[in-house]
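Notes follow the structure.
Just so we're clear, the structure is a prediction, and the values are computed from it rather than from any experiment. We count ligands from 1, going down the list as the structure has it; atoms in each ligand are counted the same way.
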Amino acid sequence: MEKWAELDKQFLMPTYQTLKLPIAIHKGEGNYLYDTDGKAYLDLFTGLAVNVVGHSHPKIVQTLKEQGERFLHISNVYLNPPAITLAKRLSEATTGGKVFFTNSGAEATEAAIKLIHKYRMKQAPERDGIVVLKRGFHGRTLGALKLTRQPHVYQDFPLPDYKIIEIEPENIEELKAAMKEKPLAVLMEPVLGSAGVYPLSKEYLQEVQEICKQENVLLCMDEIQTGMGRTGTLFAYEQASIQPDIILFAKGVGGGLPLGGVIAKPEFSNLFGPGDHGTTFAPSPLSSALGNTVLDLLVKDGLLEKSRGVSEYLWSELNRLKADYDVINELRGKGFMVGIVLNGEPETARNLRLKMLEEGILIDLTQKTIIRLLPPLTLEKEDVDRFITALKKYL
Ligand SMILES: *Cc1c(COP(=O)(O)O)cnc(C)c1O
């Protein structure tokens with residue numbers, strides 16, 4: 001363990017230094033990770049909302065082997081059956097339109113920015129600008145960074161000069177005022193994740209859609225963190241009964257391997273023409289094959305349905321804790337995207353994360369005082385009990 005900590009310091013740029021935990025992972029199985037000393041950890045973080053079906057799921061491993069033995073990479077100049085199948089399934093589950101695949105969330109945002117500007121070129125030359133929410137997060141590459149409205153994330157970097165308009169979440173008046181500037185698109189996370197797990201209300205999302213429709217403004221939903229069943233439906237927007245024009249996805253889609261992208265509605269599916277965008281690696285046939293297996297598990301095998309029951313149980317247990325412990329200021333989130341806002345100094349939350357680590361439970365911290373849980377959809381009731389019992393010890 002010490003050896004790995006030393007080498008990490010010596011050879012990796014220290015971008016994650018304040019968050020890094022002193023455990024070296026040896027293997028994963030189901031809802032647990034095991035370190036090089038053999039200690040087990042219940043994983044309520046899932047590598048930041050990625051391992052939606054837990055670790056080394058037998059069906060994921062089987063797909064890895066099967067696709068791995070066939071081919072890993074072929075480029076975009078041949079037909080790629082695993083990716084075409086995944087695109088069809090994602091399309092049919094959402095807009096019915098076409099998909100562009102990327103390798104990551106930030107690249108999905110970049111693709112969305114380019115699509116939005118193609119919309120300007122082709123259909124809305126008099127419009128300009130993208131409306132985004134204060135404190136929203138959409139990635140860290142330079143184009144995406146401009147849309148990420150967290151100053152500590154973007155302030156040291158030169159940003160591209162395309163126009164953005166920043167508004168307060170849940171404030172319809174600010175959105176209406178933004179419309180006077182004739183923007184091209186509105187982009188938001190249905191649950192603001194890294195801002196501190198703020199779900200947007202159904203009423204707000206419906207009004208946003210209504211306004212976007214009236215104004216011919218593209219409604220873009222960043223479902224990179226909320227997607228793949230995390231909030232109880234395949235994508236979170238479904239719960240607000242809205243239909244975005246463009247959906248951004250990544251994180252959980254590749255079953256643990258990098259994969260992201262955008263899905264457009266049919267009427268916006270041909271904004272990109274030949275040569276307008278591209279990337280060498282995406283869609284990885286291997287990531288795509290895993291994506292198909294993730295969808296099999298969530299939808300066909302009923303994991304999504306089952307996870308709803310366990311997440312309800314988790315929320316009811318957390319609500320009981322909140323009633324009993326003053327240190328819990330607020331509970332926020334949806335499904336398996338949970339923010340436990342603690343009273344007190346950032347120290348309190350930091351210590352709690354370390355205490356839970358000692359107990360063999362991995363949790364996340366965001367915005368200094370918020371414990372964030374992003375468990376796998378395979379979480380069991382007894383895992384919830386284990387977490388609640390451990391939490392009680394330290395609250
Ligand atoms: C993680 C995340 C991104 C960026 O994805 P990366 O794969 O880290 O580039 C963008 N938007 C949201 C909402 C995210 O949670």
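Counting protein heavy atoms only, atom 5 (O) of ligand 1 is closest to Gly105 CA, 3.2 Å. Looking from atom 11 (N) of ligand 1 to the surrounding protein, the closest heavy atom is Asp222 OD2, 2.8 Å.
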For Leu377 and Leu304, run side-chain contact (heavy atoms from CB on, under 4.5 Å): C-alpha distance rounded to whole Å, both residues' side-chain angles, the deciding distance at 0.1 Å, then the answer.
CA-CA 7 Å; Leu377 271 67; Leu304 179 56; 4.0 Å; yes
Tell me, with the steps shown, if Leu187 and Leu219 meet side-chain contact (heavy atoms from CB on, under 4.5 Å).
CA-CA 6 Å; Leu187 171 68; Leu219 176 57; over 6 Å; no
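The existence of a salt bridge linking Glu210 and Lys213 is excluded, since no basic side-chain nitrogen approaches an acidic carboxylate oxygen closer than 4.0 Å.
The number of heavy-atom neighbours closer than 6.0 Å to NZ of Lys20, taken from other residues, nucleotides and ligands shown, is above 12.
Across Gln225, Lys251, Met337, Arg140, heavy-atom proximity to atom 2 (C) of ligand 1 is greatest for Lys251.
In this structure, Thr46 contributes its side chain and Pro375 its backbone to no donor-acceptor pair below 3.5 Å.
Distance check, rounded to the nearest 0.5 Å: CD of Glu126 to CG of Leu184 gives 8.5 Å.
Within a 4.0 Å radius of atom 8 (O) of ligand 1, the protein has no heavy atom.
Residue contacts with ligand 1: Ala106 is placed with a nitrogen or oxygen under 3.5 Å of a nitrogen or oxygen of the ligand (distance criterion only). Inclusion of Gly139 in the set of residues having an N or O under 3.5 Å from an N or O of ligand 1 is not warranted. For a threshold of 3.5 Å applied to N or O pairs, the pair formed by Ile224 and ligand 1 contains no separation below that value.
Applying the side chain to side chain donor-acceptor pair (under 3.5 Å) test to pairs two or more places apart or on separate chains, those with a residue in residues 235-254 are Thr231-Gln239, Thr233-Gln239, Asp245-Lys265.
Near His138, meaning under 4.0 Å from any of its heavy atoms, are these atoms of ligand 1: 10 (C), 11 (N). Atoms of ligand 1 found under 4.0 Å from any heavy atom of Glu189, numbered from 1 in the order shown, are 13 (C).
Judged by the shortest distance from any of its heavy atoms, Thr109 lies outside the 4.0 Å radius around the atoms of ligand 1.
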